[in-house]
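In what follows, a structure is listed as structure tokens, so that the remarks can point back to it.
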Amino acid sequence: MARARDDAPPAIRLSDGTVARIVRSPFGGGWELDVDGTPQSHVDLDDPTHLHFEYVARMAAVIDRLRMPGQPLTAIHLGAGALTLPRYVEATRPGSRQQVVELEPALWDLVRENLPLPRGAAIRVRIGDARETLRRLPAGLVGAADLLISDVYSGAQTPAHLTTVEFFTEAVRFLAPDGVLLVNVADGAGLAFARREVATVQAVLDHVIVLAEVQTLKGRRFGNLVIAASRAPLPTEWLPRLMAAGPHPAKVAEGREVDEFARGARVATDADATPSPKPSSSVFTR
């Protein structure tokens, strides 16, 4: 059970000066990791399959289709937050081997103390920059990961060096031949950043789909888009019906629609990449 308390939310100051807190979630129970007013993660210790944030539920929908149901996975998570998805994988696929990379040691200490992981979970947390730490992962993981998730934020933005073709080329070395890359992308009107990220992932992996809430995918509101990509074809016949069922009507863009979505967008490189756009504070008003 969490040791966080409603009367005095545990808090720490991160290296960039922002403040991270563990607070009681006002929606459906559980806890949230909040960084300077931006909700980063939601965790329900009593039910790790309870996924409050929509984009996380969409990632889980893809994860559920990997291998056989309940079969353990080898997973790499870049960006820890409160370890929502590592907890989900452990709950739905016991025995999975998972590596998690987190930049901020104080943040991991805060989460570990107040939102402890299940006993016996094979989840290894490594501290360091996601890109640098990839280079130090065990050689045996190269070509072995069923799943690699990139969900790294500094405050409310993804750092530029984790958005480039060079970064994704390094990352996908760890994927098994049919392993899946999942990328969380936050963007607003026009989706210029998201279009560029899709084009960048397409430059590295042959099969790419995009999952998002309908209005977000049309560029009418700030929100999260999930890019799923693999060297092998993705089983997508089940996704449209699943996405339409919720949370909120959503859709899957694939094939020509993805090509059209990314048409004209430049592949991001280390020489010209930018961080993801910073959302207005009103996005997180509840």
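Leu33 CG to Leu110 CG: the interatomic distance, rounded to the nearest 0.5 Å, is 7.0 Å. Rounding to the nearest 0.5 angstrom, the gap separating the CG atom in Leu73 from the OG atom in Ser96 is 4.5 Å. Note that CG of Leu107 is 5.5 Å distant from CG of Leu14, once rounded to the nearest 0.5 Å. Distance NE2/His207 to CG/Leu234: 7.5 Å, rounded to 0.5 Å.
The side-chain heavy atoms of Arg21 and Ile12, taken from C-beta on, include no pair separated by under 4.5 Å. Within the 4.5 Å cutoff, no side-chain heavy atoms of Trp31 are placed close to those of Asn114. A heavy-atom distance below 4.5 Å is found between the side chains of Thr84 and Leu51. Taking 4.5 Å as the limit, some side-chain heavy atom of Phe261 sits within range of a side-chain heavy atom of Leu191. With a 4.5 Å cut-off on side-chain heavy atoms, Pro277 and Phe193 count as touching. Considering only heavy atoms from C-beta on, Ile149 stays 4.5 Å or farther from Ile76 through its side chain. A heavy-atom distance below 4.5 Å is not found between the side chains of Thr18 and Arg13.
The two residues Val152 and Ala130 come nearest to each other via the heavy atoms CG2-CB, 4.2 Å. Across all non-hydrogen atoms, the minimal contact from Val183 to Phe168 is CG2-CE2, 3.8 Å. The heavy-atom pair separating Ala253 from Leu217 by the smallest distance is CB-CD2, 4.2 Å.
With sequence neighbours excluded, the residues that form a salt bridge (charged side-chain N to carboxylate O under 4.0 Å, His left out) with Arg131 are Glu170, Asp270. Residues forming a side-chain hydrogen bond (donor to acceptor under 3.5 Å, both in side chains) with Asn224 (at least two apart in sequence, or on another chain): Asn184. Checked against ring-ring contact (aromatic ring centres under 6.0 Å, His included), His50 has the following partners two or more places apart in sequence or in another chain: His42. Listed by chain and residue number, Arg67 satisfy the salt bridge (charged side-chain N to carboxylate O under 4.0 Å, His left out) test with Asp146 (two or more places apart in sequence, or in another chain). With sequence neighbours excluded, the residues forming a side chain to side chain contact (heavy atoms under 4.5 Å, CB included) with Leu103 are Asp129, listed by chain and number. Every residue meeting the side chain to side chain contact (heavy atoms under 4.5 Å, CB included) condition with Arg126, not counting sequence neighbours, appears here in chain and number order: Gln99, Arg124, Thr133, Leu137, Pro138. Under the rule for a side chain to side chain contact (heavy atoms under 4.5 Å, CB included), the partners of Asp259 that lie at least two apart in sequence or sit in another chain are Gln202. Residues passing the side-chain hydrogen bond (donor to acceptor under 3.5 Å, both in side chains) test with Thr92, sequence neighbours excluded: none. Take Gln157 and apply the side chain to side chain contact (heavy atoms under 4.5 Å, CB included) test, not counting sequence neighbours, and it matches Pro275, Ser276, Lys278.
The salt bridge (charged side-chain N to carboxylate O under 4.0 Å, His left out) contacts involving residues 155-169 comprise nothing, where partners must be two or more places apart or lie in separate chains. Residue pairs meeting the salt bridge (charged side-chain N to carboxylate O under 4.0 Å, His left out) criterion with at least one partner in residues 84-111, sequence neighbours excluded, are Asp109-Arg112.
Without hydrogens or angle criteria, Glu32 side chain to Asp34 main chain gives no donor-acceptor distance under 3.5 Å. Thr200 places a side-chain N or O within donor-acceptor distance of the main-chain N or O of Arg196, the cut-off being under 3.5 Å.
Note on Val252: it does not cluster hydrophobically with Val198, by side-chain heavy-atom contacts below 4.5 Å among ILVMFWY residues. No single ILVMFWY cluster, assembled from side-chain heavy atoms under 4.5 Å apart, contains both Leu78 and Val100.
Under the 4.0 Å criterion applied to side-chain N and carboxylate O atoms, Lys251 and Glu257 are assigned as salt-bridge partners. A salt bridge does not link Arg195 to Asp187: none of the charged side-chain nitrogens sits closer than 4.0 Å to a carboxylate oxygen.
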>> Walk me through whether Leu83 and Trp108 qualify under side-chain contact (heavy atoms from CB on, under 4.5 Å).
In response: CA-CA 9 Å; Leu83 281 79; Trp108 168 228; 3.8 Å; yes

> Passes salt bridge (charged side-chain N to carboxylate O under 4.0 Å, His left out), Arg256 versus Glu260? Steps please.
Replying inline: CA-CA 6 Å; Arg256 290 184 179 179; Glu260 189 62 32; over 6 Å; no

Throw together a table of side-chain donor-acceptor distances under 3.5 angstrom for residues 226-233, partners on residues two or more places apart or in other chains.
{"from": "Ser230", "atom 1": "OG", "to": "Gly179", "atom 2": "O", "distance (Å)": "2.8"}
{"from": "Ser230", "atom 1": "OG", "to": "Ala232", "atom 2": "N", "distance (Å)": "3.1"}
{"from": "Ser230", "atom 1": "OG", "to": "Ala232", "atom 2": "O", "distance (Å)": "3.4"}
{"from": "Arg231", "atom 1": "NH1", "to": "Leu175", "atom 2": "O", "distance (Å)": "3.3"}
{"from": "Arg231", "atom 1": "NH1", "to": "Ala176", "atom 2": "O", "distance (Å)": "3.4"}
{"from": "Arg231", "atom 1": "NH2", "to": "Val172", "atom 2": "O", "distance (Å)": "2.8"}

